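In what follows, a structure is listed as structure tokens, so that the remarks can point back to it.
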Amino acid sequence: MATHSAPKQPNGLDFFADAIRAALATALDLEPAVLVLERPREEAHGEFAVPCFRFAKAAACSPPQLAAKLAAELHIADVCATAIGPFLNFQIDPQRLAYVVLSSALTADFASGQQGLTTIVEFSSPNIAKPMHVGHMRTTVIGAALARIFQHLGHKVIRINHIGDWGSQFGKLVAAWQRWGSEENLQADPIAELLQLYVRFHAEEAADSSLAADAKIAFQKLESGVENETRKTWRHFTELSLREFERVYARFGITFDFVRGESWYEDKLEALSQWLDECGVTELSDGATIVNLESEGIKTPCLVKTAHGTTLYATRDLAAAKSRWEEFHFDQLLYVVGAEQTLHFQQFKAVLKRCGATWQERMEHVPFGLIRLAEGKLSTRAGRVIGLSEVLDRAVELARAAVEEKNPQLPNKEAIAEMVGVGAVVFHDLKHQRQKDVVFDWDEVLSFEGDTGPYLQYSHARCCSILRKADRALTSIDSIDLTLLEGGQELFVAMGRLPQAIRETGQKREPVLLAHALLKIASAGNAYYRENRVLGTGDLALENARLLVIQALRDTLALGLGLLGVPAPEQM
RNA sequence: GCACCCGUAGCUCAGUUGGAUAGAGCGUUGGUUUCCGAAACCAAAGGCCAGAGGUUCGAGUCCUCUCGGGUGCACCA
């Protein structure tokens, strides 16, 4: 399975990187693919660097000698090679760099690719009957960003929301509902009522053993497949919850191709059990059905059925995986799920491996670190939660105040505040490396200055503002005199690196790479239009040239923000 | 007890698959607005990359151990 995405035409700095790699490969008699172009530490040294240490031995000379030799021998169009010690640096002709980067940035498929790969991203996956809290933020935001990025890279992307709508917890919920439920409260605020029931169940469970027994029976009734009162209640809860989730997704601008709860795979569970038996991997242990995984180096066996015959999380995930494979024949299936479930994914992949399902290699757990509060781990039961809507509301509220203060004359301030607030929250999440735990800090999430979503949005809005004031049709790049552009090198390089950043974001499943590439672009952009005034210079040719840069910058920021899921208002 | 993840500036984080003098933001200090938007820009100060060994031309990055934080380890999801 290929993981690299080749753009239709090398764009941005890839255009030069490919040429450099090809020339270097010929000179060193190597495959271009093995040559990794690095970035010189000093920007003044050029756009690309190749340390010559590893090639020196084969060339029978010292690294500095090799670097010097290659610098003298290589002839690459519009690229100048120089040696500094053992480092071979490449500088792109500024004129040519500006042309290539600007023209690629102005095309709709900038930094895209074309591949027929099918990528499934499973993300968000909240549990019915509980509110979405900050803990759901990471999977939702990271998953949605990865999905958009793979789509941009040319994959056929299938987004699946694997709603937690099945399992013994619903037996508990139904049992609690039958004892204490109030239809009136449920209508008024469904999630709050369901949450209250859930919390109460756990509070009273220890003192009243009949509760757990009732819950067990309720789930058995649910799993029996027979239409009954229990099932009706469960379906009602599900519908109410989904409606709540939809509201949050709408604010994030997220849609799914399939909202398939665990229950969707209900009728596939029996066949799955049979399949596991046929594969000869199941065995009984203390009454439960398990798959021993010691042969795969995993000590804990995978439980696929409880002693009282009900299915488990792993059972349903196995059924889901198999069903997806049969339906989509995916090239990759990414599970954007918290790192605390690493063992679960190792186990259930190992089960499939034991069954001879080679396609399990295409499945990948994309783990992320926990969001914790300063007071400790999030806990729905303990009431230690911050609702996702609450976070968004507070961010929007602050954004509203900021807009009111900085730009009171704007029309549709409310819509802009929503975009800024949501953008701040989303970007804050994507700014962190996936695997690291995040301590939730209101001040940080709600900050609009520095390395933040609103900073990127501001840069974008500034470009929009300049273009709006110029109020003219953009001249074609080929009729523009790019020699008039003196500065901007840093900006062009930053923009030119976007294709690589997007590619790597996909390969490493790490949105922080794109986030940082965008910050660099915005920062270089802010410096650019500060130093190079666009309008009112009295030189029309110069204005048009700079306007083109602003247009390319705006398009690039809009592209990147769109991929991350940060809204890009034209004014703010 | 075993396994996995994390430890970089006062704080929050990057660090180009092992390369050149470790970079941003916040905060601190100082500067920039008769000029396309100051949610911005410019500059200064701030580091024994948790600690100790090892691997090699070269280590924040790889290996081993120690310390500190987090997570998981059979009928929850």
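These numbers come from a predicted model, not from an experiment. Naming: A, B, ... by sequence-line order, numbering from 1 per chain.
- For A:Arg434, no side-chain nitrogen or oxygen approaches OP1 or OP2 of B:C5 to under 4.0 Å.
- Taking side-chain N and O atoms only, A:Arg316 has a distance below 4.0 Å to OP1 or OP2 of B:A77.
- Using a 4.0 Å heavy-atom cutoff across all strands shown, A:Lys520 reaches no nucleic acid atom at all.
- In the set B:C13, B:A77, B:A24, B:A24 carries the atom at the smallest distance from any side-chain atom of A:Asp451.
- In B:U17 the base sits syn relative to the sugar, since the glycosidic angle is no further than 90° from 0.
- Using a 4.0 Å heavy-atom cutoff across all strands shown, A:Ala339 reaches no nucleic acid atom at all.
- Taking every side-chain heavy atom of A:Leu303 into account, B:C75 is the closest of B:U17, B:C75, B:A39.
- Distances were taken from every side-chain heavy atom of A:Asn526 (C-beta onward) to each of B:G37, B:G7, B:A40; the shortest belongs to B:A40.
- Of all heavy-atom pairs spanning A:Val336 and A:Phe123, the tightest one is CB-CB, 3.9 Å.
- Comparing B:C41, B:C75, B:U8 by their nearest atom to the side chain of A:Leu312 picks out B:C75.
- Within 4.0 Å of A:Tyr313, counting heavy atoms only, lies at least one base atom of the nucleic acid.
- In this structure, the aromatic ring of A:Tyr458 is not positioned over the six-membered ring of the base of B:A40 within 5.5 Å between centres and 30° between planes.
- Distance from the side chain of A:Asp437 is smallest to B:G70 among B:A39, B:G70, B:C75.
- The A:Arg462 side chain lies nearest to B:A38 when the options are B:A38, B:C41, B:C76.
- Counting any heavy atom pair closer than 4.0 Å across all strands shown, A:Ile290 reaches a base atom.
- Nearest nucleotide to the side chain of A:His432, out of B:U16, B:G37, B:C13: B:C13.
- Base engagement by A:Asp286 is indicated by at least one non-hydrogen atom pair under 4.0 Å involving a base atom.
- Among the atoms of the strands shown, none is found under 4.0 Å from any heavy atom of A:His344.
- A:Gln347 and A:Gln341 form no side-chain donor-acceptor contact under 3.5 Å, judged by distance and modelled atom types alone.
- Each of B:A74, B:U17, B:G15 was ranked by its minimum atom distance to the side chain of A:Pro301; first place goes to B:A74.
- Counted by atom type alone, A:Thr82 and A:Asn89 present zero donor-acceptor pairs between their side chains at under 3.5 Å.
- If you check distances only, the side chain of A:Ser285 does reach the base of B:A74 with a donor-acceptor pair under 3.5 Å.
- The residue A:Ala49 sits close to a base: some heavy atom pair falls under 4.0 Å.
- Taking the centre of each ring, A:Phe345 and A:Tyr335 come in below the 6.0 Å mark.
- A:Gly167 comes within 4.0 angstrom of the backbone, heavy atoms only, and of no base.
- At the heavy-atom level, A:Gln433 lies under 4.0 Å from the strands shown only through sugar-phosphate atoms.
- Between A:Tyr265 and A:His162, the distance from one ring center to the other falls under 6.0 angstrom.
- Comparing atom distances between the A:Phe53 side chain and each of B:C57, B:C75, B:U16 picks out B:C57 as nearest.
- Among the atoms of the strands shown, only primed sugar atoms or phosphate atoms (P, OP1, OP2) are found under 4.0 Å from some heavy atom of A:Ser168.
- If you check B:A39, B:U12, B:U21 against the side chain of A:Met572, the one that comes closest is B:A39.
- Using a 4.0 Å heavy-atom distance criterion, A:Lys431 is classed as a sugar-phosphate-only contact.
- Side-chain contact annotation: A:Arg472 with A:Asn544, donor-acceptor N/O pair under 3.5 Å present.
- Here A:Ala56 lies out of heavy-atom contact (under 4.0 Å) with every strand.
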